[in-house]
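Contents: one structure, followed by commentary.
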Protein chains: 6
Amino acid sequence: MKRIDNRAKDQLRPIEIIPNVNRFAEGSCLIKCGNTQVYITASVETRVPPHVPMGEGWVTAEYNMLPRANRERSRRDVSKLKLSGRSAEIQRLIGRSLRAAVDMKKLPGFQITIDCDVLQGDGGTRTASITGGFVALALACKKLQREGYLTESPIVQNVAAISAGIVDNALLLDLCYEEDSSAMVDLNCVMTGDGKLIEIQGTGEGRAFSVEEQQKLVRICTKGIQELVEIQNRVIQEA
Amino acid sequence: MKRIDNRAKDQLRPIEIIPNVNRFAEGSCLIKCGNTQVYITASVETRVPPHVPMGEGWVTAEYNMLPRANRERSRRDVSKLKLSGRSAEIQRLIGRSLRAAVDMKKLPGFQITIDCDVLQGDGGTRTASITGGFVALALACKKLQREGYLTESPIVQNVAAISAGIVDNALLLDLCYEEDSSAMVDLNCVMTGDGKLIEIQGTGEGRAFSVEEQQKLVRICTKGIQELVEIQNRVIQEA
Amino acid sequence: MKRIDNRAKDQLRPIEIIPNVNRFAEGSCLIKCGNTQVYITASVETRVPPHVPMGEGWVTAEYNMLPRANRERSRRDVSKLKLSGRSAEIQRLIGRSLRAAVDMKKLPGFQITIDCDVLQGDGGTRTASITGGFVALALACKKLQREGYLTESPIVQNVAAISAGIVDNALLLDLCYEEDSSAMVDLNCVMTGDGKLIEIQGTGEGRAFSVEEQQKLVRICTKGIQELVEIQNRVIQEA
Amino acid sequence: MKRIDNRAKDQLRPIEIIPNVNRFAEGSCLIKCGNTQVYITASVETRVPPHVPMGEGWVTAEYNMLPRANRERSRRDVSKLKLSGRSAEIQRLIGRSLRAAVDMKKLPGFQITIDCDVLQGDGGTRTASITGGFVALALACKKLQREGYLTESPIVQNVAAISAGIVDNALLLDLCYEEDSSAMVDLNCVMTGDGKLIEIQGTGEGRAFSVEEQQKLVRICTKGIQELVEIQNRVIQEA
Amino acid sequence: MKRIDNRAKDQLRPIEIIPNVNRFAEGSCLIKCGNTQVYITASVETRVPPHVPMGEGWVTAEYNMLPRANRERSRRDVSKLKLSGRSAEIQRLIGRSLRAAVDMKKLPGFQITIDCDVLQGDGGTRTASITGGFVALALACKKLQREGYLTESPIVQNVAAISAGIVDNALLLDLCYEEDSSAMVDLNCVMTGDGKLIEIQGTGEGRAFSVEEQQKLVRICTKGIQELVEIQNRVIQEA
Amino acid sequence: MKRIDNRAKDQLRPIEIIPNVNRFAEGSCLIKCGNTQVYITASVETRVPPHVPMGEGWVTAEYNMLPRANRERSRRDVSKLKLSGRSAEIQRLIGRSLRAAVDMKKLPGFQITIDCDVLQGDGGTRTASITGGFVALALACKKLQREGYLTESPIVQNVAAISAGIVDNALLLDLCYEEDSSAMVDLNCVMTGDGKLIEIQGTGEGRAFSVEEQQKLVRICTKGIQELVEIQNRVIQEA
């Protein structure tokens with residue numbers, strides 16, 4: 001079986017991360033994973049939610065699809081007066097994942113909001129949001145250091161995310177929309193730079209999957225994450 | 001280290017599933033897992049959402065915490081005019097999980113809604129909702145068969161769910177609220193009766209976790225699921 | 001004419017009040033009036049709304065039907081983004097009624113919220129909520145006394161409620177759903193332990209009713225209230 | 001004790017009903033009861049809600065306070081994104097009351113919506129809305145007859161409403177805002193032209209009230225209703 | 001071509017401004033422009049929004065159509081859970097316009113809210129709201145002076161508004177609803193007493209319009225504004 | 001006085017319109033006017049709103065600021081459960097303006113929605129949305145022609161928009177954010193390719209402006225529009 005875009009089974013789509021696309025945000029990037037494009041800003045504010053302990057900081061995220069990110073135009077959430085359940089779920093995932101990258105004690109009194117607006121969605125928008133969100137977050141932290149608000153970096157480790165899935169019983173890395181639509185199993189891994197898990201979410205869409213299959217999917221993801229982390233670090237350093 | 005309630009590391013809390021607690025619903029149960037209590041009804045309607053193919057059925061779920069399900073009273077969603085992000089995420093999980101139990105072609109034109117209202121929450125409310133939701137769903141299907149609306153059962157396999165986690169570096173099955181609050185890693189498995197995965201969701205709350213740890217947590221869950229499936233089958237048969 | 005369940009015209013349905021059904025709430029009960037079941041919690045918080053005079057307390061109520069409390073599943077309020085007009089009206093009635101049981105000066109700085117969630121509705125859910133709400137409220141006050149937050153009880157009198165109606169020109173106490181559906185006149189009385197009125201609400205559904213009929217309906221209710229107050233007091237004492 | 005405006009205990013405030021204040025509505029009036037002013041329109045539409053039996057009509061009502069109807073400006077409901085509980089309760093009462101005036105079989109396929117917008121509120125806005133609402137409703141029905149849409153009048157009886165209350169232990173008819181604020185007991189009666197009850201709602205604000213007191217309050221209301229019905233009939237005839 | 005109501009091309013409809021129609025509001029009026037009627041109150045509060053500089057005041061406006069202000073009944077905004085886009089646009093215009101009448105430094109710490117509720121709409125409701133809103137605002141300021149809250153008037157100039165349009169290629173002042181419906185071009189001017197512009201909003205509905213036409217329309221409006229300002233001043237002085 | 005970016009008084013900021021930035025939308029572009037950037041898609045659907053006459057089409061628009069389009073992060077509309085009044089006003093303006101470009105009879109049964117999402121806002125976002133919106137609209141129409149859905153172009157004329165204002169009594173074209181913030185008068189013109197007006201909106205922020213000043217501002221805008229129309233045509237042709 002050949003993949004729709006001739007990739008190897010464990011090959012990522014072409015990734016491009018363009019840093020500093022927004023002149024107002026403290027950190028920002030546009031991440032392109034194949035045809036998926038997410039516009040990401042990291043905004044620093046000097047107030048934290050009430051549940052945060054004194055002297056600590058916070059990282060949160062919001063996720064939104066632009067109306068024509070999809071093949072069909074979808075209505076804006078505001079016109080339905082509610083955040084879609086899917087968006088709510090995804091932005092909670094992004095926030096949890098990126099908080100694992102940060103030592104909150106080293107971000108005292110600051111909240112960083114990662115806004116992920118999907119310009120074009122072709123599969124993997126949540127993993128692209130996390131991978132690109134880390135870059136925007138790191139750039140914002142660098143700026144806070146550069147401007148003297150922080151004396152050391154609150155970033156403790158890279159966080160990146162990728163999907164793998166089972167399509168026609170083949171295990172594939174980084175599903176595009178068409179592969180995702182026909183996938184029997186879909187699994188997202190959020191991992192650190194040294195290959196540990198932060199989040200794992202797997203779903204059997206068409207059939208249940210064995211524990212062994214699940215382990216193989218994690219292994220494929222691990223390879224993809226390593227490549228993503230290298231790209232993240234290069235972009236952050238050069239920005 | 002001893003567990004707070006003296007359970008073995010891989011021991012479930014006491015489980016009780018009381019079937020047919022609601023005289024109007026086509027299927028219903030009250031599931032108690034330790035101090036967690038979820039009131040579940042399965043409601044059959046003869047219309048399906050527009051995305052469902054002709055001649056098929058659908059299963060969906062709604063999840064809600066009663067205001068005093070928690071140690072502190074929480075405001076109702078309606079007073080905030082929005083479904084909480086957490087509830088949205090959980091009810092999507094319950095729906096996806098229970099759809100894996102059903103052959104939609106054998107439920108033609110019927111939608112079954114599983115309503116999970118948490119009376120008391122002491123950890124594991126989403127897994128209890130899935131485990132109990134399967135019972136309510138199966139009871140509703142039996143009633144449809146019994147009354148001649150269906151000629152054969154649309155249930156193709158059991159679906160049950162349980163959590164496992166890492167607390168003080170110990171791997172524990174079926175976390176109660178106190179254990180969950182201090183867990184470093186929390187993983188939920190939704191599985192079929194024969195030990196295959198439907199959903200897996202794991203989160204590192206305090207630290208990242210290795211792929212090996214993740215595999216061990218899945219193994220502990222597998223044991224718990226087997227016990228839950230036996231209880232499900234006994235309750236459904238005796239109801 | 002015989003009643004559908006063979007009761008005498010002025011006979012209550014079987015009443016059961018199970019106290020302390022929720023381990024987190026300061027007071028709670030499950031009240032069953034025939035097939036009507038309401039799950040009630042009383043939650044104490046140490047803040048009062050702004051309109052409450054310094055040094056006083058407050059009692060408020062919220063009322064909600066679970067989706068399958070009725071013969072047909074009804075949509076949750078949150079999915080419609082508004083509290084139903086009926087629920088708004090009922091919870092205002094419950095709150096006003098229960099405030100009459102309390103000397104607010106003896107509840108300084110505390111707000112008690114009575115949450116009434118109808119598990120099963122077979123007529124009389126608002127009166128059951130008031131009757132059971134009083135029990136939950138009284139149990140919460142006893143706990144506040146027992147734990148030393150209050151030196152004397154803020155409860156000044158029992159409050160209970162019951163309906164009566166005219167069905168086929170017969171005057172009946174405590175209508176069940178089927179009787180209520182065909183009632184020409186429906187009247188709810190909220191009364192104190194010594195037979196005084198707190199609230200009276202009567203509606204001619206199918207026809208107007210004379211002042212004399214209205215007085216007879218109040219008289220029937222008075223009898224029912226006396227029995228309910230005895231049950232309340234027994235349950236509170238034994239709890 | 002003298003009343004604040006020197007009225008006799010059982011005397012209404014000066015009533016004025018100005019018909020046809022709106023050139024677009026099928027029926028309309030401005031009702032003034034003392035300083036209370038409600039602007040009322042009756043709008044006819046040729047579609048009925050789904051629950052109405054084939055061949056019948058429907059009457060419904062909406063109630064709203066303008067922001068400066070009160071001594072203090074209040075926020076509009078739309079800015080809070082919800083109908084106030086009080087308004088919800090009142091408009092349900094108005095709708096139920098006015099439906100008692102109509103034989104729905106004689107209004108086939110028509111819905112009449114009574115919009116009651118309080119320009120100035122000085123007590124008794126709900127009863128003024130019902131009393132004036134009947135006039136607007138009757139004018140709309142006359143117009144439907146006059147224009148040949150109906151062959152006979154669907155109005156079967158007058159419906160009017162008034163309040164009575166206990167202030168400083170005196171029983172008073174038609175409370176103004178100041179009396180209402182200090183009333184111990186407040187009772188609203190909706191009655192037909194021949195003195196029968198459609199709705200009765202009584203509340204003990206500061207104390208419980210005896211069954212005997214309740215009966216006296218109804219009797220006072222009966223007197224007031226008779227005067228209101230005469231005014232209604234004169235206005236409708238002259239309009 | 002004759003106008004529908006025989007007016008000259010540059011003639012206003014009959015204007016009537018009845019001051020002090022609301023006994024609670026600090027300022028109020030009912031403005032009638034032909035068949036258009038707007039009920040306006042000016043409410044003073046002693047708190048200003050956060051964006052207002054210390055020691056200054058603020059003026060804001062809300063605009064609402066009553067359900068039967070139109071030929072067809074329209075649903076209330078609250079039932080749709082959102083302010084209509086048209087109302088949002090108009091109330092922003094009214095607020096901006098009336099702020100130009102006031103020296104905010106002379107209104108220290110006060111916010112005046114102008115509520116414009118359209119009882120009957122026959123074209124020109126936004127311009128009537130501005131013209132009448134100025135009267136209500138000025139009356140409220142006079143009251144603040146009279147009662148000693150302000151030592152000098154914060155009103156620095158009159159503000160009034162009128163529309164002009166092109167109907168069948170004729171340039172007409174003060175369009176009524178029927179003219180407005182068939183207008184090719186519609187232009188609203190908000191002006192000061194000495195003929196300067198505060199706001200100008202012109203729209204080509206059916207065709208584009210030349211810069212020269214636009215200038216002629218402004219000139220016609222200037223004449224109308226002068227007449228309106230005279231009426232405003234007379235009403236304010238006599239009130 | 002020199003402008004902040006050294007432009008001549010009647011000089012536009014650098015304009016760039018990048019067509020076809022979205023692979024799913026029927027038409028799209030990214031328009032950059034100085035530092036203002038708006039991402040625009042034109043989506044074709046084969047259904048029109050109910051008010052559209054049989055056999056005609058419709059064009060509508062939605063406008064949204066991304067959270068970090070501004071110097072400070074702003075909350076998303078959905079989190080406030082309402083469209084901001086400013087956005088409502090702007091998207092109505094964009095829709096009206098672009099409808100003037102189209103002969104609806106030549107777009108039978110199609111609705112084209114222009115989504116304008118501001119990535120970065122530095123003044124002039126509404127005029128950039130209109131100017132770029134025309135390009136996206138024209139590209140979508142070309143595609144409909146190319147694919148045979150339309151036999152001739154429904155575009156009847158170019159539509160473009162620009163602002164001018166009075167800053168320190170100097171009349172300037174195309175205000176950037178800083179100029180806009182200190183402008184005394186701000187005027188937006190929407191014009192056709194041959195210099196006729198579609199919309200004009202002018203506001204005196206700090207002072208009233210004379211009719212003569214208003215005319216000069218329109219003249220400056222006319223010059224800017226001519227340049228914009230040339231850019232539009234070049235981009236559309238080359239795309």
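Chain naming here is simple, since letters A, B, ... match the order of the sequence lines and numbering starts at 1 in each.
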ask   = Within a radius of less than 6.0 Å around CD of E/Glu178, do more than 12 heavy atoms belonging to other residues, nucleotides or ligands occur?
value = no
request  = Look at F/Glu212, F/Glu89, F/Arg99, F/Arg86 and state which one has the largest set of heavy-atom pairs under 4.5 Å with chain E.
outcome  = F/Glu89
inquiry  = Are there over 12 heavy-atom neighbours, none belonging to F/Lys216, within less than 6.0 Å of that residue's NZ?
reply    = no
message = Within the 4.5 Å heavy-atom criterion, are F/Gln201 and E/Ile200 side-chain neighbours or not?
response = no
ask   = Can you check whether E/Lys196 reaches F/Glu213 side chain to side chain, under 4.5 Å on heavy atoms?
value = no
ask   = Do E/Gln214 and F/Gln214 meet the criterion of a side-chain donor-acceptor pair at a distance under 3.5 Å?
value = yes
query = In terms of heavy-atom proximity below 4.5 Å to chain F, should E/Glu199 be classed as side chain, backbone, both, or neither?
reply = both
key: Contact origin within E/Leu83 toward chain F - heavy atom pairs under 4.5 Å   = neither
Interatomic distance, E/Ser84 atom OG to F/Arg92 atom CZ [nearest 0.5 angstrom] = 7.0 Å
ask   = Given the options F/Ala208, F/Gly85, F/Ala88, F/Gly202, which has more heavy-atom pairs under 4.5 Å with chain E than any of the others?
value = F/Gly202
ask   = E/Val211 versus chain F, heavy atoms under 4.5 Å apart: side chain, backbone, both or neither?
value = both
Contact origin within E/Thr203 toward chain F - heavy atom pairs under 4.5 Å = both
inquiry  = Can you tell me how far apart CD1 (F/Ile198) and CD (E/Glu205) are? Round to the nearest 0.5 Å.
reply    = 10.5 Å
